Protein chains: 2
Amino acid sequence: MTEKEHSFNQMADSPRSNEDNFVNHSKPLRADAKQNREQILKAAQKIFAEKGLSIPISEIANQAGVGIGTIYRHFPTKEALFEAVNINYKQRLTSEAKSLMNHVDPGKAFFDLFSRVLDEGFTNRAWKDAFKRGTLISETANLGVLQDFQSAIANLLTRAQQAKAVREDIDVQDLNTLLFSLLLALEQQGDASDIDRFHRLVSIAIDGLRCKDAFNKSK
Amino acid sequence: MTEKEHSFNQMADSPRSNEDNFVNHSKPLRADAKQNREQILKAAQKIFAEKGLSIPISEIANQAGVGIGTIYRHFPTKEALFEAVNINYKQRLTSEAKSLMNHVDPGKAFFDLFSRVLDEGFTNRAWKDAFKRGTLISETANLGVLQDFQSAIANLLTRAQQAKAVREDIDVQDLNTLLFSLLLALEQQGDASDIDRFHRLVSIAIDGLRCKDAFNKSK
DNA sequence: ACATAAAAGGAACAAGTATTCCGTTTATGT
DNA sequence: ACATAAACGGAATACTTGTTCCTTTTATGT
């Protein structure tokens with residue numbers, strides 16, 4: 001195994017005390033602390049997007065110009081930091097989805113969102129990894145964001161199906177899995193930057209999703 | 001990160017001495033050693049297929065009823081063991097591909113192989129992982145097997161394209177990536193056993209791969 | 001049976017990295 | 001300026017898992 005990839009696992013199984021190990025951002029917050037928090041989020045956003053969930057937390061600390069301890073003061077786990085960063089992407093895409101819900105052409109609206117999600121993933125590794133983990137959001141607190149996202153997609157899918165633009169035998173879960181699989185597709189094979197190949201794959205998926213109406217070629 | 005998955009990485013960077021640390025299977029081989037070797041391969045085949053490359057080597061040792069040291073006596077690295085197991089799958093599928101090369105219907109031949117590869121991956125996690133790693137085979141010694149496999153697929157693809165059964169803008173690499181992505185698709189989402197969903201995805205891919213001849217719906 | 005080289009086994013080691021702990025530094029109100 | 005709680009930093013800890021090393025066991029030929 002010559003590969004030099006970073007690890008995915010090994011987050012401690014049961015943190016000994018999550019009590020007040022990190023700031024309970026509910027009331028005050030000292031000036032420098034606030035600034036550091038922002039630096040951490042900015043650094044995390046950048047690095048997670050570039051390298052994905054797998055980079056060591058220490059790199060984010062470096063990039064942010066703070067110590068490891070400081071990160072843990074602000075976020076209880078690496079996971080929590082990851083989510084804090086990713087929730088933005090989700091909200092952005094959700095609002096795009098919502099604005100597409102009233103588009104005159106349900107088919108176009110659907111495929112537009114489909115492409116948007118894929119484009120985001122193509123350039124944003126954090127988004128890919130979030131998809132990869134299944135749980136787009138696990139915090140109970142942010143459950144709403146996930147539900148919004150899912151229901152926006154479901155809505156677009158249903159409308160497109162009713163308009164006979166998308167095959168009717170699939171559900172949101174299928175869609176999710178399909179998106180996921182395409183996002184991961186280019187992770188392998190050396191040049192993950194081959195955008196042409198990526199577009200060809202997306203094109204295959206889109207054609208495959210189209211409603212075949214009546215004229216199905218026999219098997 | 002509550003997930004309890006096993007690790008993917010962390011194989012030592014540069015083994016200190018691979019000289020004669022393991023048996024140089026070229027001449028003799030004591031009776032018990034031979035038997036153990038087979039036990040190890042059998043166990044590895046089973047466990048890798050079930051759990052993928054990520055299970056700890058110690059589990060294979062347990063399953064095989066031998067010590068860890070014994071495994072390393074036979075195979076220089078975990079990687080080497082994995083390859084020893086996987087080479088079989090590749091040879092099997094390659095011979096299937098070759099026998100399809102003379103099929104009367106190039107389109108059917110192509111899609112049959114396509115499905116076969118996916119079915120194998122659906123039930124065999126080792127195969128999925130092998131795909132995932134990009135390097136289906138890295139040993140120079142076994143390079144031929146990989147080339148056979150690739151060229152068999154390339155042949156089927158080309159014939160299908162010439163017969164206007166498959167869209168012409170894709171190459172073997174695209175195909176590889178597509179297969180890979182579908183194989184990974186179900187790794188996420190709890191029930192990896194949802195064969196119906198899997199078939200729906202494969203169906204989408206197949207429809208997307210079909211040649212659209214002339215009547216392309218406008219965008 | 002015996003000698004001996006082959007083989008087995010598994011404790012010890014190496015490495016990567018998330019998380020904790022605690023002594024030191026700093027912002028803030030008085 | 002000062003006191004003090006808040007925040008910081010990063011070495012130490014914990015834990016996982018591939019690989020090595022060396023002692024003990026065993027097959028095999030005589």
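None of these values were measured; they are calculated from a predicted model. In what follows, chains are A, B, ... by sequence order, proteins preceding strands, each numbered from 1.
Under 4.0 angstrom from either OP1 or OP2 of D:dG9 there lies at least one side-chain N or O belonging to A:Thr70. Under 4.0 angstrom from either OP1 or OP2 of D:dA7 there lies no side-chain N or O belonging to A:Asn36. Residue B:His74 places at least one side-chain N or O closer than 4.0 Å to OP1 or OP2 of C:dA8.
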In 5'-to-3' order, the base (B), backbone-only (S) or no-contact (-) status of each nucleotide in nucleotides 23-30 of chain C, using a 4.0 angstrom heavy-atom cut-off, is ---BSS--

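Note: CZ (B:Phe75) to P (C:dA7) measures 13 Å, nearest angstrom. Atom CZ in B:Arg73 sits roughly 5 Å away from atom C1' in C:dA7 (whole-Å rounding).
In terms of the side chain to side chain contact (heavy atoms under 4.5 Å, CB included) criterion, residue partners of A:Gln161 (sequence neighbours excluded) are, by chain and number, A:Leu157, A:Val166, A:Glu168, A:Ile170. Listed by chain and number, the residues in a side chain to side chain contact (heavy atoms under 4.5 Å, CB included) with A:Arg92 are A:Tyr89, A:Glu96, A:Arg116, A:Glu120 (sequence neighbours excluded). A:Ser58 pairs by the side chain to side chain contact (heavy atoms under 4.5 Å, CB included) definition with A:Pro56, A:Ile68, not counting sequence neighbours. Take B:Asp171 and apply the side chain to side chain contact (heavy atoms under 4.5 Å, CB included) test, not counting sequence neighbours, and it matches A:Arg197, A:Arg200, B:Gln173, B:Asp174.
Relative to the side chain of A:Val66, the nucleotides C:dA7, D:dG9, C:dT19 differ in distance, and D:dG9 lies closest.
Pairs passing the salt bridge (Lys or Arg N to Asp or Glu O under 4.0 Å) check and including a residue from residues 150-159 of chain B, sequence neighbours excluded, do not occur.
Mapping B:Ile68 and A:Gly69 onto DNA chain D via the closest heavy atom, the residue that lands nearer the 5' end is A:Gly69.
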